[in-house]
Participant: 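The structure under discussion is supplied below as structure tokens; questions concerning it will follow.
Only this structure's heavy atoms are used, side chains among them; waters, hydrogens and symmetry mates stay out.
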Amino acid sequence: MRVLVTGGAGFIGSHIVGALRRRGHDPVALDALLPAAHPGPPELPDAEFVRADVRDAAAVREALRGVDAVCHQAAMVGLGKDFADAPAYVGCNDLGTAVLLAEMASAGVRDLVLAGSMVVYGEGRYDCPAHGVVRPAPRRAADLRAGRFEPRCPSCGAELTPGLVDEDAPADPRNVYATTKLAQEHLAASWTRCADGRSMSLRYHNVYGPGMPRDTPYAGVASFFRSSLARGEEPRVYEDGAQRRDFVHVRDVAEANVTALEAVGSRPPGTAVAYNTGSGDPHTVGEMATALATAHGGPAPVVTGEFRLGDVRHITADSRRLRQDLGWHPETTFTTGMTEFAHAPQRPSATPTPEPSPMADRSSPAGNHSSPAKPSPAGA
């Protein structure tokens, strides 16, 4: 199978290209290689390479020649400085996806696997002893300043029990990036109906592993802690470190993409489905920082009590549907993955990013507690 991988020179995309080749497929990597994401010439994947932006219809049209399926990874990630960055996000993520889908429809390419994200859920699943499953309101700065980090029931104020989010949970995007990721899924669903296509969105949880960018807030908290350790600094853990996340290794995510690409063509035309893609082994941010620092040889993490108002408290996946439907199973355990990542090489970032100061009036994506700053471009 010949597969076009957009963002194929990026962190996750390059691993997908490698996984496709190992499984006997013929990947074509398309990437803009913009300086904000690639400050120097990156190590290109072992595949045919097209340097182009997904918003360039002519280039996408040419790249789709002879292609059987598309794996769409190119996107602007993280958060901008403020809402003024919304047009850039919408342009890269949603316009880029629309251009790609329009060219796929014209070329007769009917199979798509999309890089989705758990950020579409907002806060995760919570259960109230009196009211059952509830959706907590956004957390208040006054509570966070007082060290009251756990969300409360919006009806009675009771303590809530966090649980696993499944794909039937309502979407509740709480920042521009999350909104664009949900819009990508809606665009893909519309395309499947109009073009008799088939799409699968893999809603990634906290992806980590070799090749993450260093000194950048855009790749997630694991990368940020790893960068601190590389500088000889202790990882700074916000809140009380008890935030729950699902850390999934990039090799497992790459294999999930290849499995989805091999399965999507057997679905009926007009099918659009989303799958949570996580390890199934939740850990707290504090546990992750400790595991990474221990494997690296120190220094030990510091729990600061600092916070970001827009961070979600707990977001962990129920990935049983992906396992049951496609037979995918993650292979890298938390301990093995963190031990490897503690010594794995990282990609250089465009601009080294110092430890950010917390700001209570800005938000960051679920699963990341680093500072909002200039985002990475499409094709990264």
Side-chain angles (χ1 to χ4, degrees), residues 1-31 45-50 54 60 63-75 97 100-101 103-105 107-117 167 184-185 187-189 191-193 195-205 207 209 248-280 317-332:
M1 177 169 56
R2 186 170 171 85
V3 180
L4 178 65
V5 182
T6 70
F11 167 48
I12 297 176
S14 60
H15 280 274
I16 293 171
V17 169
L20 283 164
R21 287 190 63 84
R22 288 191 296 273
R23 297 263 280 263
H25 299 294
D26 179 21
V28 179
L30 182 147
D31 201 296
D46 182 18
E48 181 180 338
F49 181 74
V50 178
V54 290
V60 170
L64 284 169
R65 293 183 184 277
V67 162
D68 302 298
V70 172
C71 187
H72 184 31
Q73 304 294 313
T97 299
L100 174 66
L101 293 173
E103 293 303 324
M104 288 176 65
V109 179
R110 298 291 184 254
D111 295 335
L112 171 71
V113 173
L114 173 68
S117 175
E167 293 87 349
Q184 284 183 312
E185 290 191 3
L187 285 166
W191 166 80
T192 62
R193 291 187 292 268
D196 286 335
R198 296 167 288 244
S199 72
M200 291 183 181
S201 175
L202 302 183
R203 291 175 176 171
Y204 303 156
H205 280 245
V207 185
V248 58
H249 198 278
V250 67
R251 284 195 299 269
D252 289 325
V253 169
E255 291 296 329
N257 275 274
V258 179
T259 299
L261 285 161
E262 292 173 343
V264 66
S266 64
R267 298 298 176 93
T271 300
V273 63
Y275 289 109
N276 287 337
T277 307
S279 71
D318 183 344
S319 299
R320 287 179 295 179
R321 190 173 297 179
L322 180 58
R323 292 162 170 75
Q324 292 169 354
D325 287 5
L326 303 187
W328 170 83
H329 296 277
E331 300 291 338
T332 305

Participant: Within the 4.5 Å heavy-atom criterion, are Asp325 and Val273 side-chain neighbours or not?
Facilitator: no

Participant: Quick check for you: to the nearest 0.5 Å, what is the distance between Leu112 atom CG and Met104 atom CE?
Facilitator: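 Interatomic distance, Leu112 CG to Met104 CE, rounded to 0.5 Å: 5.0 Å.
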
Participant: Residues two or more places apart in sequence or in another chain: which of them pass side chain to side chain donor-acceptor pair (under 3.5 Å) with Arg23?
Facilitator: Glu255, Thr259, Glu262

Participant: Quick check against the 3.5 Å criterion: does Glu167 have a side-chain atom that pairs as donor or acceptor with the backbone of Asn276?
Facilitator: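 Yes; at least one donor-acceptor contact below 3.5 Å.
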
Participant: In chain order, what residues pass the side-chain contact (heavy atoms from CB on, under 4.5 Å) check against Ser201, with sequence neighbours excluded?
Facilitator: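 side-chain contact (heavy atoms from CB on, under 4.5 Å) check on Ser201 returns Leu114, Glu185, Arg203, Ala274.
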
Participant: Residues in side-chain contact (heavy atoms from CB on, under 4.5 Å) with Thr97, at least two apart?
Facilitator: His72, Leu101, Gln184, Leu187

Participant: What residues form a salt bridge (charged side-chain N to carboxylate O under 4.0 Å, His left out) with Asp26, not counting sequence neighbours?
Facilitator: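 For Asp26, the residues satisfying salt bridge (charged side-chain N to carboxylate O under 4.0 Å, His left out) (neighbours in sequence not counted) are Arg2.
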
Participant: Which residues pass the salt bridge (charged side-chain N to carboxylate O under 4.0 Å, His left out) test with Arg267, sequence neighbours left out?
Facilitator: none

Participant: Find the distance between CG (Asn257) and CD1 (Ile12) and round it off to the nearest 0.5 Å.
Facilitator: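 Nearest 0.5 Å value for the CG-CD1 distance: 8.0 Å.
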
Participant: Going by the rule side chain to side chain donor-acceptor pair (under 3.5 Å), which residues pair with Glu331 if we only count those two or more places apart in sequence or in a different chain?
Facilitator: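 Glu331 satisfies side chain to side chain donor-acceptor pair (under 3.5 Å) with no other residue.
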
Participant: Kindly write out the residues that satisfy side chain to side chain donor-acceptor pair (under 3.5 Å) with Arg251, not counting sequence neighbours, or none if the list is empty.
Facilitator: Glu340

Participant: In Å and rounded to the nearest 0.5 Å, what is the CG to CZ distance from Leu4 to Arg65?
Facilitator: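 Between atom CG of Leu4 and atom CZ of Arg65 there are 13.5 Å.
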
Participant: Taking all non-hydrogen atoms of both residues into account, name the closest pair between Ala105 and Arg110 and its distance.
Facilitator: O-NH1, 3.4 Å

Participant: Quick check: does any side chain N or O of Arg21 sit under 3.5 Å from a backbone N or O of Pro27, one acting as donor and the other as acceptor?
Facilitator: no

Participant: Treating Ser14 as the side-chain partner and Gly8 as the backbone partner, does any N or O pair qualify as donor plus acceptor under 3.5 Å?
Facilitator: no

Participant: For Gly13 and Gln73, which heavy atoms make the closest approach, and how far apart are they?
Facilitator: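 Closest approach of Gly13 to Gln73, heavy atoms only: CA-CG, 4.4 Å.
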
Participant: Sequence neighbours left out, what passes side-chain contact (heavy atoms from CB on, under 4.5 Å) with Ala260? Give chain and number order.
Facilitator: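 Val113, Met200, Leu202, Leu326.
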
Participant: What heavy-atom pair brings Asp252 and Val248 nearest, and what distance separates the two atoms?
Facilitator: CB-CG2, 4.3 Å

Participant: Taking the side chain as everything from C-beta on, heavy atoms only, tell me whether Leu64 gets closer than 4.5 Å to Val70.
Facilitator: yes

Participant: Please identify each residue that fulfils ring pair (Phe, Tyr, Trp, His ring centres under 6.0 Å) with His205, with sequence neighbours left out.
Facilitator: none

Participant: Mind checking side chain to side chain donor-acceptor pair (under 3.5 Å) for Asp196 and listing every partner two or more places apart, or none if nothing turns up?
Facilitator: none

Participant: Quick check: do Val258 and Arg22 have side-chain heavy atoms less than 4.5 Å from each other?
Facilitator: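 A side-chain contact is absent here, since even the closest heavy-atom pair is not under 4.5 Å.
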
Participant: Could I get the full list of salt bridge (charged side-chain N to carboxylate O under 4.0 Å, His left out) partners for Asp318, not counting sequence neighbours?
Facilitator: Arg320

Participant: Looking at Ala63 and Leu30, what are the two nearest heavy atoms and their distance?
Facilitator: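 Of all heavy-atom pairs spanning Ala63 and Leu30, the closest is CB-CD1, 3.8 Å.
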
Participant: Heavy atoms, side chains only, cut-off 4.5 Å: are Ser279 and His249 in contact?
Facilitator: no

Participant: Can you see which heavy atom on Trp191 is nearest to which on Val109, and at what distance?
Facilitator: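 Answer, listing the atom of Trp191 first, then Val109: CZ2-O, 3.4 Å.
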
Participant: Heavy atoms only: give me the nearest Gly265-Asp111 pair and the separation to one decimal.
Facilitator: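 So the minimum-distance heavy-atom pair works out to CA-OD2, 3.5 Å.
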
Participant: In Å, rounded to the nearest 0.5 Å, how long is the span from CZ of Arg321 to CH2 of Trp328?
Facilitator: 14.5 Å

Participant: State, yes or no, whether a side-chain contact exists between Phe11 and Val250 at a heavy-atom distance under 4.5 Å.
Facilitator: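 A side-chain contact under 4.5 Å exists here.
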
Participant: So, using side-chain contact (heavy atoms from CB on, under 4.5 Å) as the criterion, who are the partners of Thr192 when residues are at least two apart?
Facilitator: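 For Thr192, the residues satisfying side-chain contact (heavy atoms from CB on, under 4.5 Å) (neighbours in sequence not counted) are Ser199, Ala272.
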
